[in-house]
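These notes are about the structure you will find just below.
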Amino acid sequence: MGRAAVMPAENVGEHDKVNPELVEQYQAELESSYDQQKVMALEDRKTVMLRVMTEKLKGDARSEDTEKTLRDRVDALTDGFSFACSAMTVQLHTARLGLAHSPEEHGFLKADWPRPLDESSKARFCVFRDLRRQGFYLTSAGKFGGDYLVYPGDPLRFHAHFIAVCVSMNESMPPCDILATARLGSNVKKTVLLCSPVEEEEDPQTQRVVYTSLQWSGMA
């Protein structure tokens, strides 16, 4: 992979100057991501090739020659595999800050953000802020019956692990709604999280979020 070039800055302010250490850190993360994606792409290619060859040989007796042919094809693919840099997925930080947890970004995430007024929006806002501070990525979960889909990393590289449903701690939910939500999460292979903001006793202005996980267990 080609390395990022640090261009000399002209007529820029103090906060606009290029930081060589950050450029090196970003380049190292980019190269690490490339290596990981190359391994994943090779494994996917092997899986597809073995499936196709197995389908072609279905019904034929598996012999030592057949096994050797499969091994040779896999070895040849491994030796000759190439993964173009242009094919890798790269996260671009534009309008939103990434979660590199530099002091500036950490301060931004801990800042007192403007708060909405109605209780439902407050609950969703508190849950969003808490999950983002923990490093999760969130997208809308309207089609899954929740408020947020919670990802352990970049949504372009990971599947969502949780469906976050924001409810007030004092709000009651009918048992049928709880069962329906848990069953829906099981059908899409995700864990449902009931997320409830709670005010701290020492400081009523500070809120923490209590998480309750739901998983559907079928009965025989």
Side-chain angles (χ1 to χ4, degrees), residues 15 19 22 25-26 29 32-33 36 89-219:
H15 298 289
N19 188 328
L22 292 180
Q25 178 183 351
Y26 171 76
E29 293 174 354
S32 175
S33 177
Q36 295 175 12
T89 301
V90 179
Q91 181 180 3
L92 300 178
H93 301 292
T94 55
R96 294 181 301 173
L97 289 176
L99 293 177
H101 294 296
S102 67
E104 295 80 6
E105 295 175 6
H106 225 29
F108 172 78
L109 294 174
K110 287 186 175 180
D112 292 330
W113 296 358
R115 297 189 178 187
L117 299 178
D118 60 284
E119 293 299 325
S120 177
S121 296
K122 283 183 179 180
R124 289 196 296 269
F125 174 79
C126 290
V127 172
F128 178 88
R129 180 177 58 183
D130 187 70
L131 290 172
R132 284 288 289 168
R133 284 177 174 174
Q134 296 184 51
F136 292 102
Y137 288 69
L138 284 77
T139 62
S140 175
K143 65 180 181 180
F144 293 96
D147 293 292
Y148 303 114
L149 286 177
V150 184
Y151 298 81
D154 189 340
L156 295 175
R157 297 182 58 190
F158 296 90
H159 290 289
H161 287 188
F162 307 101
I163 301 174
V165 180
C166 305
V167 294
S168 172
M169 184 61 75
N170 300 323
E171 181 181 349
S172 60
M173 292 185 65
C176 59
D177 288 352
I178 297 177
L179 292 175
T181 305
R183 188 169 185 178
L184 174 62
S186 175
N187 289 340
V188 295
K189 296 181 175 59
K190 305 183 194 307
T191 300
V192 175
L193 291 180
L194 298 182
C195 314
S196 304
V198 180
E199 293 183 354
E200 295 285 3
E201 296 181 359
E202 297 80 4
D203 185 5
Q205 299 298 324
T206 303
Q207 289 185 319
R208 62 185 178 89
V209 180
V210 176
Y211 298 97
T212 304
S213 62
L214 302 178
Q215 288 185 322
W216 173 261
S217 177
M219 294 181 292

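Quick caveat, the model's predicted, so the values are computed rather than measured. We're numbering straight along the sequence, starting at 1.
- For the pair Val150 and Leu131, the minimum side-chain heavy-atom distance is below 4.5 Å.
- The ring pair (Phe, Tyr, Trp, His ring centres under 6.0 Å) search around Phe162 returns none, not counting sequence neighbours.
- Of the candidates Val165, Val127, Val167, Asn170, Ser196 forms a side chain to side chain contact (heavy atoms under 4.5 Å, CB included) with just one, namely Val167.
- When the side chain to side chain contact (heavy atoms under 4.5 Å, CB included) test is applied to Ser213, the partners found at least two apart in sequence or on another chain are Thr191, Leu193.
- The minimum heavy-atom distance linking Ile163 with Ala141 is given by the pair CG2-CB, 4.4 Å.
- Because its NZ or CZ atom is not both nearer than 6.0 Å to the ring centre of Phe128 and within 45° of the ring axis, Arg133 does not count as a cation-pi partner of that residue.
- When every heavy atom of Leu138 is checked against every heavy atom of Phe136, the shortest pair comes out as CD1-O, 3.8 Å.
- Across all non-hydrogen atoms, the minimal contact from Pro155 to Tyr137 is CD-CD2, 3.8 Å.
- Tyr148 places a side-chain N or O within 3.5 Å of a backbone atom of Arg124 that can act as its donor or acceptor partner.
- Heavy atoms only, all atoms of each residue included: His159 and Tyr151 are closest at C-CD2, 3.7 Å.
- Here the shortest heavy-atom pairing between Cys195 and Ala164 reads SG-CB, 3.8 Å.
- In His161, the NE2 atom is crowded: over 12 heavy atoms of neighbouring residues, nucleotides or ligands sit closer than 6.0 Å.
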Report, one line per pair, each donor and acceptor closer than 3.5 Å where one atom sits in a side chain of residues 171-186; sequence neighbours left out.
from	atom 1	to	atom 2	distance (Å)
Glu171	OE1	Ser168	N	3.3
Thr181	OG1	Asp177	O	2.8

Does the pair Gln36 and Arg157 meet the rule for a side chain to side chain contact (heavy atoms under 4.5 Å, CB included), with working shown? CA-CA 11 Å; Gln36 295 175 12; Arg157 297 182 58 190; 3.1 Å; yes
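- For the pair Asp130 (side chain) and Val209 (backbone), a donor-acceptor distance under 3.5 Å is absent.
- The side chain to side chain contact (heavy atoms under 4.5 Å, CB included) test applied to Thr212 returns Leu194, not counting sequence neighbours.
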